Amino acid sequence: MTNNNDLERKIGRAFKNATPNVLDAVLRDCENMKGQRIMMIERKTNWVKRAVAVAAVIVLVFGLSAGLITVGSNNSVASVISLDVNPSIEIKVNKNERVLEVVPLNDDGTNVIGDMDFKGSDIDVVINALIGSMLREGYLNDLANSILISVDGDDSAKNAELQARLASEIDNLLNTDHFTGSVLSQTVNHDTELDALAQQYGITAGKAQLIRQITNQNTHYTFEDLAKLTINELNLLNNGNTLDNVTSTGTASDKKYIGAEAAKIAAVKHSGYFDSIGDVDTMTREELLSWIDVYVKKLECELDYEKGNMVYEIEFDIGYYDYEYEVDAKTGEILTHSKEFDGENVSPEFDGIEFNFELEGEHNGAIDGVIAQSDSKYNDEYVFAAEFVKEFDTFIFSTNPQNRFSEYIKDEELLEYTTVLAEGFNISNRANPCHGVKIAYALVEDEDKTYVIDEEHTVVYVAERATLQYEGAQASSGYGKGWSVIVKRIGDGKYEITDWYMGKDGYDMSSRGVNAEFGDVQFWNNSEKYTAVLSGAHAHYEYITSLYSGTPNVSSSDESTYAVTREEAIAIALEHAGVKESEVHELECERDVEHGITVFEVEFESGSYDYNYEINVETGAVVKHSKKLDDDNAWDSIENALDANSGNQSASSNFIGNDAAKAAALEHAGVSAADATGLECELDRAEGIFEKDHYDVEFSAGGYDYEYEIHAETGKVLKSEKERDD
Amino acid sequence: MIICLTSTMKIMDAGSDEILDRYIACISNGDKQALSELYRNASAAVYGYALSILKNSHDAEDVLHDCFVNIYSNAQNYKSLGKPMAWILTITRNLCLLKIRDRKKLSDIPEEDWQSYISDCHEMSVNDKVILEQCMTVLNDDERQIVLLHAVAGFKHREIASHMDMALATVLSKYNRAIKKLRAHLEKGEPSND
């Protein structure tokens with residue numbers, strides 16, 4: 001059961017076999033209805049009947065030709081009518097439209113005429129017979145349905161009248177219920193070049209005139225190439241363009257070729273775009289076309305003639321890229337292809353977004369592709385639905401950059417949901433809060449750090465992994481890291497950021513431009529590395545573009561050449577922060593390059609705050625500074641304060657105390673206090689609403705290390721670990 | 001009889017739609033042979049589709065019968081748009097809706113016992129039975145109808161969208177979901193009753 005086709009076939013067979021046979025009852029009941037029905041008197045003639053009629057005409061021609069009386073004075077040629085399919089035939093008629101001579105211009109023409117003698121027949125009869133013969137001999141068929149009729153003569157009014165009449169007659173002959181022809185007709189205007197071309201290539205003046213027009217319109221075709229083609233091929237190449245004084249009906253058959261649809265499929269398959277959605281090799285043609293319908297934009301497909309081959313020229317856009325393909329019209333082989341970056345394709349509607357999430361916890365599973373498009377709009381935001389493999393739940397993504405990942409919906413309760421948006425990503429709604437869901441961007445596990453889009457654009461892969469964690473209805477973290485940045489080379493050694501997004505490829509727009517707490521973004525320029533900080537809670541990519549544009553300037557690593565020493569940089573930072581060195585811990589100072597400027601990055605903690613400074617190594621200026629409340633520090637302070645206030649007592653009188661906690665852990669482990677070594681116990685206060693006050697108990701016994709968390713009030717074992725002590 | 005059986009003509013290389021069109025044309029002239037042929041070609045789709053809507057094999061069988069009688073009496077009104085199956089299945093759906101209306105009048109909405117129905121189908125293979133049962137029990141109404149139209153009636157997704165008056169994306173999404181569900185259940189090999 002590996003592909004859909006297989007399953008579909010089985011379903012088809014199962015229902016077929018389940019179908020009861022009621023045919024006898026149907027026939028009986030239909031019989032009883034007799035007399036109530038009105039019979040259709042006549043059916044439309046189909047082409048078979050026409051063919052029969054044509055055959056009759058041929059017989060007639062033979063019958064007539066024996067006893068024809070030729071009028072001597074009418075022996076001069078008034079008009080020449082040529083028929084081109086691939087067979088080329090010239091019919092010379094006198095002023096009374098009696099045929100004087102029928103001349104084949106190629107072997108196929110000879111075949112069509114066979115041993116029919118048309119001399120003295122009416123032009124209409126002859127045309128009828130010749131078309132009938134072309135159909136019978138298979139020159140006009142489903143695969144090649146085009147015919148060119150050209151009228152040549154001195155009397156232009158007469159020419160036009162003949163052209164119109166014969167074209168309509170042939171059109172009638174060819175267009176039946178089951179066959180559709182395409183008739184091109186024209187009058188010939190001779191000039192020396194035309195006659196020379198017709199002579200040189202052994203074609204009718206009419207065909208030469210048609211080819212000359214096509215080559216004039218499409219200068220990359222040569223007359224020599226096109227002279228080899230049939231009228232159907234020429235008709236296809238012309239692709240419905242208007243040609244001067246050529247009247248055309250119907251459309252040329254392209255059934256000899258794989259068809260525009262197959263060519264499109266071949267090209268889009270080759271682009272690899274669908275590889276990330278599903279297994280293209282097992283998808284049916286209809287499925288592929290449906291996908292193409294949904295995801296591929298500006299798809300154009302034209303039949304063309306290139307270097308002796310009929311080819312489909314295909315152009316389309318997907319995501320940031322413009323694709324161009326040439327597909328062999330007969331074999332479907334990809335002859336040429338190109339892919340070009342085009343930032344302008346970024347559509348505000350985000351159709352065809354691809355997601356790739358892994359979900360853990362309650363909704364274990366992966367979203368392995370795109371299943372929806374932005375076919376609905378909600379509060380001026382486009383809404384996308386994506387589906388889990390498991391449980392078939394739905395996420396809704398919004399184009400609003402601040403609410404990009406806005407809703408999580410279970411069981412398609414699409415209409416009932418209530419919007420609850422915290423800052424950052426929030427995946428809860430009131431009806432369906434989801435607890436403990438972690439979302440990781442699977443794409444970012446890709447090892448490739450960078451890849452080149454084209455000469456100018458490179459994708460730089462920024463961080464290791466994006467993990468968004470949610471607990472309860474609160475977003476505990478809205479920040480992911482794992483960004484790709486498209487860097488455009490704007491000059492020798494100069495780059496600017498033109499776009500960025502989360503994940504590996506540009507279609508993962510679900511997180512694009514949202515909550516860019518980037519941290520350090522590293523760029524590679526040849527072997528050198530430099531770093532830029534991209535930050536901003538609601539950074540949008542235009543904003544980012546303006547943020548960084550410059551030359552990487554990796555200063556010499558010889559710090560002795562700097563105007564400012566490390567010690568001076570630290571002093572500048574401390575003075576700016578208004579703290580004394582004695583009040584500071586975790587002090588670090590590193591040389592770094594930010595926005596092309598070499599700085600000393602000074603980091604330290606003091607009180608409940610984390611400080612971060614960047615000091616220009618040349619000027620001593622404070623390039624950037626930040627002061628953030630550090631949760632850990634804050635808790636430490638509170639805990640310290642509590643400890644200080646309560647002396648040696650436990651933090652709360654409700655707590656069981658260290659000894660009871662140790663005893664609980666030892667009891668659980670089945671280890672006596674005497675056997676336990678390295679026994680430690682520490683009170684750990686809850687740091688978030690999802691933690692409980694507990695004691696951490698650790699000890700070793702019998703070759704194992706034990707770790708316990710014991711509830712501070714109840715003494716219950718919250719967590720236990722036992723590991724072999726290596 | 002007017003020439004209808006032209007399937008041997010080389011030039012046509014007719015697709016199945018053309019063949020069905022031709023049958024219907026012949027039926028409009030009272031051709032019972034053509035009606036039998038059409039029945040042979042289309043009865044599974046009609047029955048399956050009816051079953052997918054009605055979820056009751058007796059009603060579906062009634063609709064199957066009525067549908068072909070209807071085709072016979074209405075064939076002369078058929079205008080070929082190259083979509084004979086769409087016409088046939090529209091008749092089927094209308095008959096099903098009538099059936100549902102009748103059921104409501106009688107407040108008689110029979111719940112089919114699939115297990116016993118399927119075990120009564122002696123001529124079916126075990127595999128067929130499993131698949132039929134899964135289609136009837138695992139899928140919801142829309143999913144079942146979409147799968148039926150695609151896998152049994154041979155509709156393209158686009159045609160399903162137009163037949164069921166749904167967005168193409170919705171059809172695609174539902175179809176993919178349905179196939180995944182079916183596959184998941186079939187791979188588990190568990191009969192499902194949900």
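Every chain is numbered from 1, with letters handed out A, B, ... down the list of sequences. Hydrogens, waters and symmetry mates are skipped; everything else that's a heavy atom, side chains included, is used. Being a predicted model, the structure only gives us computed values, none of them experimental.
Neither the backbone nor the side chain of I71(B) has a heavy atom closer than 4.5 Å to any heavy atom of chain A. The contact between F68(B) and chain A is made by backbone and side chain atoms together, counting heavy-atom distances below 4.5 Å. Heavy atoms of V171(B) lying under 4.5 Å from chain A are absent altogether.
Looking at E37(B) and R40(B), a side-chain N of the basic residue comes within less than 4.0 Å of a carboxylate O on the acidic one, giving a salt bridge.
Aromatic rings from H65(B) and Y47(B) are positioned such that their centres are separated by 6.0 Å or more.
For N145(A), the side-chain hydrogen bond (donor to acceptor under 3.5 Å, both in side chains) criterion is met by no residue, not counting sequence neighbours. Legend: residues meeting side-chain hydrogen bond (donor to acceptor under 3.5 Å, both in side chains) with D141(B), ordered by chain and number and at least two apart, are K55(B), R144(B).
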